[in-house]
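Only one structure is covered here, and it is reproduced in the block below.
Small disclaimer: the values here were computed from a predicted structure and weren't measured. Order of listing sets the numbers, starting from 1, for every ligand and every atom in it.
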Amino acid sequence: MTDEPALDSARKPVPAGTPDADSAAAPWWTRAVVYQVYPRSFADSDGDGVGDLGGIRAKLGYLAELGVDAVWLSPVYPSPQHDNGYDIRDYQDIDPVFGSLAEFDALLAEAHERGIKIVMDLVVNHTSDEHDWFQESRSSRTNPRRDWYWWRPAAADGGPPNGWRSAFSGPAWTLDGATGEYYLHLFARQQPDLNWENAEVRRAVYAMMNWWLDRGVDGFRMDVINFIAKRVELVDGPRPSVDGGSPMGPQIHDYLQEMHREVFAGRGGEHLTVGEMPGVSVSDAVLFTDPARAEVDMIFQFEHVSLDQGEHKFHALPLSLPALKKSLSRWQDGLADTGWNSLYLNNHDQPRLVSRFGNDSEYRYESATLWALVLHLHRGTPYIYQGEEIGMTNVRFDSIDDYRDIESLNHFREAVQEFDRSPAAVLAGVHTMGRDNARTPMQWDASDNAGFTSGTPWIAANPNFPGINTVADRAGERSIFRFYQRLIALRHESPVVALGAFSMLEPEHEQLYAFTRTLGDETLLVVANASDAPLVGPLPVDVTGGDLVLGNYAGADGSGLRPWEARLYRL
Ligand code: NOJ
């Protein structure tokens, strides 16, 4: 395999009879691909070791070359950075480590000139404990902002009001000495939860969102947005455990509809809203994304990225391909008539795709491109996480001291100190599932620190950067970046990729991921061998007569599929 993979350069026009009118009327984000930038780790323009807005601006040409339609920026607001910006001190400014509002405006203007939209991260389930609102709230039990957060007296035994656990280890409640009450934090203790029951909180958030939209931003990715509504009846108990269920309360739909009315209605419908929603079902998602209900355009669900987790997220299990297909096809089918899917296998909270679900050594190119082809051919809006487009891999630092993520560090401390587990075993879980796998510096080139910074990076680069970087990838005969470029172009050009109906084939097959997409009289077929072993032909799916549109191996090789081979046919 030395030459470029197959691409149907003489691609046929969309057949007559395809409902072009419908596809033209569909929202822009059905034809779009979104690229997530994690600013700390993307590109550092001033040598302080932390990525920044100037760095992102300098790389807009790279993003334009890739062809993405929008960039989702992880948080850049002022923050003490306990959770890398997901703990916000001030919603209406830029953290000096990332730049200034003037630099943000310049980035936005230049992105727009290049036809790239900018989607902000909206983190309003919680603020930083350094936010003025919380500082006021904690100052006394009678402060007018007391009720902006969840304060409760201790339970009868002096412990927390209920048994909720923080996503970052330990109880979800911290006793605040100053006023002798507990406050709720579903994440770190430096991230107190806002009380959305209070209409003043909601109004303040909507005002802030309107301020960013007036500034020109193109939408919001909404952090754990389903948790803004709490199951209020559980806030006051019971202890020690709370049925293991989600804290999400049923008022979530009212809140999102109100947000839509107060923020998005009347703005022309051109914005993108994507709600991150752990623990929701397909039927919940239909309600959240039904355009007639005016809540959000799409959600990030977690089912498919939880299939390889055991008792907790650091306990990795092998992925079952039939389980993955079953899950993703349920979401495809469930949102086929009403609503819309977002499509992702990577983000700043997930290990690297090619290490997790592929083979990051012998078949790195093949498995990276296989998952790209499979994911981008599903129905929904695909998201690419920085570095995914060059097949960046997980990292294995030798010591826990080399890690920075609050979730991994808290887990390590709790597991080793409180549960007496062996440090080596806990570190192995961090190697496999930790979030810092996604957060090492973007690998631009083979120079020091992967070309990310001229200073000392806030987290070390993955030592494999001399071989895996944007320059090496694109200089190679087999470029993952160019494969993504083609997938993005295909979605732009081809209504069947954006809108075609999805149908899973061979759901029980252990190696083969196969499905069709159909729109009008046009059908696309994907066949992919998601394994290190060849899939000996003939395939259980008939590809005869199909035109090969895109594949990750050059030329054909009998009737089967080579390791991690993926092909897209037009039938
Ligand atoms: C989800 C974000 O993606 C994650 O990075 C963050 O730690 C939590 N929400 C808390 O904001």
[X] heavy atoms, cut-off 4.0 Å: which ligand 1 atoms fall inside?
| X | answer |
| --- | --- |
| His126 | 10 (C), 11 (O) |
| Arg221 | 2 (C), 3 (O) |
| Arg435 | 4 (C), 5 (O), 6 (C), 7 (O) |
| Glu276 | 1 (C), 3 (O), 9 (N) |

Shortest protein heavy-atom distance from [atom], along with the residue and atom involved:
| atom | value |
| --- | --- |
| atom 11 (O) of ligand 1 | Asp223 OD2, 2.7 Å |
| atom 6 (C) of ligand 1 | Asp83 OD2, 3.3 Å |
| atom 8 (C) of ligand 1 | Phe187 CE2, 3.8 Å |
| atom 5 (O) of ligand 1 | Asp349 OD1, 2.7 Å |

>> Please determine whether any non-hydrogen atom of Glu407 lies less than 4.0 Å from an atom of ligand 1.
In response: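 Glu407 does not count as a contact of ligand 1 under the 4.0 Å cut-off.
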
> For ligand 1, is Gln350 a contact, meaning one of its heavy atoms is under 4.0 Å away?
Replying inline: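 Checking ligand 1 against Gln350, which is what was asked, there is no heavy-atom contact under 4.0 Å.
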
>> Does Arg146, at its CZ atom, have more than 12 non-hydrogen atoms belonging to other residues, nucleotides or ligands within less than 6.0 Å?
In response: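 Enclosed: over 12 neighbouring heavy atoms sit under 6.0 Å from CZ of Arg146.
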
Using 30° and 60° as the class limits, which term best fits the ring planes of [X] and [Y]: parallel, tilted or perpendicular?
| X | Y | result |
| --- | --- | --- |
| Tyr255 | Trp196 | tilted |
| His131 | Tyr91 | tilted |
| Phe300 | Tyr344 | perpendicular |

>> Does any part of the side chain of Met209, heavy atoms only, come nearer than 4.5 Å to the side chain of Leu122, both counted from C-beta?
In response: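 Of all side-chain heavy-atom pairs linking Met209 with Leu122, at least one is under 4.5 Å.
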
>> To the closest 0.5 Å, what do you measure between CZ (Phe42) and CG (Leu53)?
In response: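 The distance works out to 12.0 Å.
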
> Are Arg152 and Trp173 in a cation-pi setup, meaning NZ or CZ lies under 6.0 angstrom from the ring centre and within 45 degrees of the ring axis?
Replying inline: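 Cation-pi check for Arg152 and Trp173: fails.
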
>> Regarding Asp147 and Arg145, does a basic nitrogen lie under 4.0 Å from an acidic carboxylate oxygen?
In response: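 Arg145 and Asp147: not salt-bridged.
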
Applying a 4.0 Å heavy-atom criterion (strictly less than), which segment of [X] is in contact with ligand 1: side chain, backbone, both, or neither?
| X | result |
| --- | --- |
| Met222 | neither |
| Arg439 | side chain |
| Phe168 | side chain |

>> I need the minimum non-hydrogen distance between Trp133 and Thr127, along with the two atoms involved.
In response: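 Heavy atoms of Trp133 and Thr127 come nearest at CE3-CG2, 4.0 Å.
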
